[in-house]
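Comments concern the structure below.
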Amino acid sequence: MPSLRSLRFTRRRVVAGSVVLVLVAALVGWAAWPDRTGWTSADEQITVKTGPAGTESVDLDARLYLPRDRDGKVPAVLLAHGFGGTKESVSDNAEELADRGYAVLTWTAQGFGRSGGQIHLDSPDYEVRDAQGLLDWLAARPEIQLDAAGDPRVGVVGGSYGGALALLLAGQDSRVDAIVPSITWNDLSKVFLQQSADTTATGVFKKGWAGLYFGNGAATLLPDAPEPAGSDPACGRFAADVCAAYLQLATTGTADATTLEVLRKSSPATVLDKIKAPTLLIQGAVDTLFPLSEGDANAKGIAATGTPVKVAWFTGGHDGGAGPQTDQDRVKYLTVQWLDHYVKGEGDAPSDDFTYSRVAGFSALDRGLVTNGYSTEAYPGLGGTGSTQVSLAGPAQPVANPPNGNPAALSSLPGAGSRLSELLGGVAADIPGQYATFESTPVTGAIEVAGSPTVRLRAASPTGEATLFVKLYDVDQDGAETLSAGLIAPVRLTGLPASIEQAQPVTVTLPAIVRRIDTGHLVRVVVATSDQAFLTPAKPAVYTVQVESTLTLPTVVGTPIANPQTIWRWVLGGLLLVIALGLAVVLLIRRRLRRRRHDETIEEYAETPLVVRGLRKAYADGFVAVEEISFSVQRGQVVGLLGPNGAGKTTTLRVLMGLTMPTSGDALVFGHRLMPGAPILSRVGALVEGPGFLPHLSGLENLKAYWRATGRPEADAHFDDALEIAGLGDSVHRKTKKYSHGMRQRLAIAQAMLGLPELLVLDEPTDGLDPPQIAEMRRVLKRYATDGRAVLVSSHLLAEVEQTCTHAVVVNKGRIVASGPVEDIVGESPSVQIEVSDVPAASLILEKLGVRSVTPDGASGLIVDMNGTSRSEAVASLVRAGVDVDRVVPRRRLEDAFLALVGDNSRGSGDR
Amino acid sequence: MSAVTGYRPSATLPIWAEVRRQASRRRTQLALGFMVLLPLIILVAFEFGGNNDDDGNGGGAFGSLVDLATSGGLNFALFCLAVSAGFLLVVVVALFCGDPVASEASWGSLRYLLAIPVPRVRLLAVKLVVALGYSLVALLTLATTGLLVGTLRYGWHPLGSTIAAAVPPGQGLLRLLGIVAYLAVIMLVVAGLAFLLSVLTDAALGAVGGAVLLWILSSILDQITALGSVRYLLPTHFSDAWLGLLSTPPQVDDLVKGAIAAICYATLFWSLAFWRFTRKDITS
């Protein structure tokens, strides 16, 4: 029945279900609902005049983003992409800036994507002039805020190729109001011919990156883009002069005057003194292409003229990518702060502080880097705010230069993308015989390096020249060495003596790094002859190198930037506190309510074991199991609760055990109201709805486990009495799952009697017992109800109630139909059923004997209420009168009463 | 005087009685026994499995842990925890927390406990405390056995991980304890869910299976990156955050978030369980 009932859709369930459904739908909808963007965008084809004379037309593929809810004219941002990209590569940044109220113009630089023209490497005559054309175009747009006629309010933002454009444009066009160039170069000739020693000799050709970029530029033709007429397959979309410069450089490894001119022209270094726009310079610490020194040179050059400059470093770059999330957030914040103040005119002027980040470890989940942010009050440059000297030891050592640079050591993987972890984990590998090492002793205190370390190097070469690579390794206690960010210092020395004794020391400035060298680690300086990223002399040679003992490490001790994630720790603490407080409050309230409820006593019934008053139980689905039941059980009584199946007996008993809450009415035990958990229940022993035992325990263990759960002293249990009643013999030590139904039943009765409770409630106690056991049980129950105790037995068996009980309560369809002493209900003289051969004659004879009533029962039967007449006299009279008597069966009043009361209806009230 | 002499509501169903009730059950003994057996099985597998571990499934979160498992007792214990965290521990915790109320209901003994009367809140609280206790014992047994067996076989060496430098043994032990503690906190979600289901149903299997099933469902949803930020609300989203304790310095941000999520879910589930149990009609 309960299972069927639970399937019904009650109003409460429907309401609860609907609420849950609506909540889930709302949550999913909220998550899946596309955000209404705060901007609109339109693709534009902008034709600008370009070239040295401003006469060449080029079509630029552009897109203008406008804030959707703009109030009047808005300031603009020119957002430039990196080398090999298109306007699409910066669309995310453009959308974010447009969301912040800027009109954002992105375009594909000439020579890339769907734009026309050729790649001139940010030449002032081409790409920079294009950007000036875009400024004109912006100034003509009605949506854009103007400083003067033809002068839009505009900031220029870009990374790498776009960053250099920002610098060069700001140097060439005073209409630019602020720039945010990131990971970009200062001087291309120094970038691609890198020289870390303080000599005038040309640097070492950075062939890895140069080749990658040249190939990248040559291959940026889209499948459906028109092939430029007369293009050279060797040059792709590169302009002829740029292409020639690359070919010359890559072939010889040195730059001739023309090449130098091309590279210089494309370098912001030439225009830094003309930049008046406040500049936020963002440079990456994991960048072997444009290392921190390029940003440093830009910062110094611009600041020299008094223009506001702010510098920030992050853990990323051309090798490291966008960096960890914390760094990306910081860079975005700084960019927006800069633009808001200098372009939009909102917010305070950004302070001069310098922020940087240092690798703290690897993220265990996504294998990315985790960094901590730090800040100092001012930009310290590459020399740090302090310095630590470390002594290096090692003799002069011969190192071999491999022919054609093969095999070559590995330090970085240009263009390998942003697998920062691998890069920092150490792809570095040196080739035996090609390097010399100089080591310090383990450092005694952690050194927080931020900037360019310097060493002095002496070298001798039989050819008079040497190309060397100086690297700084951090070596931990286990000997694992790490080349910070894969950065190395290429050195090309000329005019060297053949013997090391005559060699003059040169100062080598190693690439700027941000790293903490922990206590116990040692520092190893390696001088190698080859590197896969650089071009080295083709001829084999053996150099001798000697690093002098002093290594100077610039240090910066920054203030940690608060990690916004730490707020969650406070949230966790707060959460625990709230839960603890909530629990305490709930417990206090409960305790108070409990005490008030359970302390009530109704004095009138204080001595009555059980009083049930107007009990009604209706289930949530509307089924009424008990309509109204009232009765009482007095001390010394064995009361039978009699009724057909489904009459409401069991529901009544469930209420008596505190398992079910009545809908109305109540049950009082010794004057205390019964409710779930009421202490008065401890004076009630019960067997309701069959036994319930732990199947894996023996009968005795079950009783003991039950008694342990009461928490009462073991002596109060009277185990011996209970076991005697159970009568299980040795079976008491067997597991209850092996018990028969009857054995379990007896054990359950014994359990109900543990502690000899004053009121014993038994539901169908004789269920499963054999006749002798039933007889024994009757005796036990009768004996139990002495000494002021009482028993309530429910049963659907008339004979059982009649023979066991002193009182009976007859229940049908949830109502009491009769109650009182069994004798009252049964009456003094029971009726008799007589089967005779002649019913009318027998009726007459019997009526003359003075019986109370004679009722025909079937074809040959009579039911006679004897009213004191003995059965033998009745039979004798009938036989004397010649009536044959087939059968005489005593018939109880209770059964009559029962049948009369409940009707001859085999259907229980549960089937109503 | 309302109660019989010797009866005190706060003395009913003593914790120790419930501990014994559960200890006598075969499933408790089997589950705890398996926690001892598992490290031994893994050890035997390593001993007889040889070194041909290039079967192409490396690179996952555990790939590196497999390689390191035989490098010392700490790493062996860590490996045992790592392979159990995803499923075995979930099942064991669901078993300990989903079973006690539902099985009493199915045996019919629940109504006799309530008729003693054990106050419903006390019954539920004792069952919950003991279930959590057994869950913790299972977790600690697994870790301790792993550590013991691993140390005896592979020695007392630093805790190695491929995502960071090796951690010295002393500190490594602390990290391992931290991982055990975090796993214990994360498993509160399973404990809460299983316990709630245990109160809602009479079928112990339904409660245990339901909790495991929902946990797996949450894990699957967490794999679908297209769900975006909704995934942060999933109880399993931070279930692997303990890996952060293997890096140097330890990354605790995700652990804190995971703990917040787990505690919120567990509190919610337990509140619902208590709310329901103190109001429902016991019909079994």
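Side-chain atoms are counted along with the backbone in the values below, which use heavy atoms only and exclude waters and symmetry mates. None of these values were measured; they are calculated from a predicted model. Proteins get letters first, then strands, A, B, ... in listed order; numbering begins at 1 in each.
Neither the backbone nor the side chain of A:Ala480 comes within contact range of chain B; no heavy atom of the residue lies under 4.5 Å from a heavy atom of that chain. Contacts between A:Lys617 and chain B at a heavy-atom distance below 4.5 Å involve the side chain alone, from C-beta outward. In this structure, chain B has no heavy atom under 4.5 Å from any part of A:Pro757. For B:Val126, no part lies under 4.5 angstrom from a heavy atom of chain A. Neither the backbone nor the side chain of A:Leu583 comes within less than 4.5 Å of any heavy atom in chain B. For A:Gln751, the part lying under 4.5 angstrom from a heavy atom of chain B is the side chain only. Using a 4.5 Å cut-off between heavy atoms, A:Ile579 contacts chain B through its side chain alone, with no backbone atom that close. Proximity to chain B is absent for every atom of A:Phe670, based on heavy atoms less than 4.5 angstrom apart.
The neighbour count for A:Glu714 CD, taken as heavy atoms of other residues, nucleotides or ligands under 6.0 Å away, does not exceed 12. Other residues, nucleotides and ligands contribute at most 12 non-hydrogen atoms within 6.0 Å of the CZ atom of A:Arg591. Other residues, nucleotides and ligands contribute more than 12 heavy atoms inside 6.0 Å of the CG atom of A:Leu576. Taking a 6.0 Å sphere around CD1 of A:Ile567, one finds it holds 12 or fewer heavy atoms contributed by other residues, nucleotides or ligands. Crowding of A:Trp568 atom CH2: a count of heavy atoms from other residues, nucleotides or ligands under 6.0 Å not exceeding 12.
Salt bridge A:Arg569/B:Asp253: present, at least one basic N to carboxylate O contact under 4.0 Å.
When A:Thr660, A:Val684, A:Asp716 are compared by the number of non-hydrogen pairs under 4.5 Å with chain B, A:Thr660 comes out ahead. Note: A:Pro695 leads A:Ala748, A:Pro695, A:Gly711, A:Gly685 in heavy-atom pairs under 4.5 Å with chain B. The choice from A:Gly671, A:Gly690, A:Ala686 that makes the most heavy-atom pairs within less than 4.5 Å of chain B is A:Gly690. Taking chain A as the reference chain and counting heavy-atom pairs below 4.5 Å, the highest number among B:Leu255, B:Ile263, B:Leu113, B:Thr278 is found for B:Ile263.
The shortest non-hydrogen separation linking B:Glu104 to A:Leu694 is OE1-CD1, 4.1 Å. The minimum heavy-atom distance linking B:Tyr7 with A:Thr710 is given by the pair CD1-O, 4.3 Å. The two residues B:Ala115 and A:Met657 make their nearest non-hydrogen contact at CB-CE, 3.3 Å.
Looking only at side-chain heavy atoms (C-beta outward), B:Trp107 and A:Lys737 stay at 4.5 Å or farther from each other. Between B:Cys264 and A:Leu575 there is a side-chain heavy-atom pair separated by less than 4.5 Å.
Below 4.5 Å, heavy atoms of chain A meet heavy atoms from B:Ala17, B:Arg20, B:Arg21, B:Ser24, B:Arg25, B:Arg26, all part of residues 16-26 of chain B.
Here A:Arg712 contributes atom CZ and B:Arg8 contributes atom CZ; the two are 12.5 Å apart, rounded to the nearest 0.5 Å. Atom OH in A:Tyr706 sits 9.0 Å away from atom OH in B:Tyr112 (nearest 0.5 Å).
Formation of a donor-acceptor pair under 3.5 Å by the B:Asp281 side chain with backbone atoms of A:Met661 is found in this model.
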For residues 116-124 of chain B, tabulate all N or O donor-acceptor pairs below 3.5 Å that involve a side-chain atom, not counting sequence neighbours.
from, atom 1, to, atom 2, distance (Å)
B:Arg120, NH1, B:Phe277, O, 3.1
B:Arg120, NH1, B:Lys280, O, 2.5
B:Arg120, NH2, A:Gly658, O, 3.3
B:Arg120, NH2, A:Leu659, O, 3.1
B:Arg122, NE, B:Thr12, O, 2.4
B:Arg122, NH1, B:Ser10, O, 3.3
B:Arg122, NH2, B:Ser10, O, 3.4
B:Arg122, NH2, B:Thr12, O, 3.1
B:Arg122, NH2, B:Leu13, O, 3.4

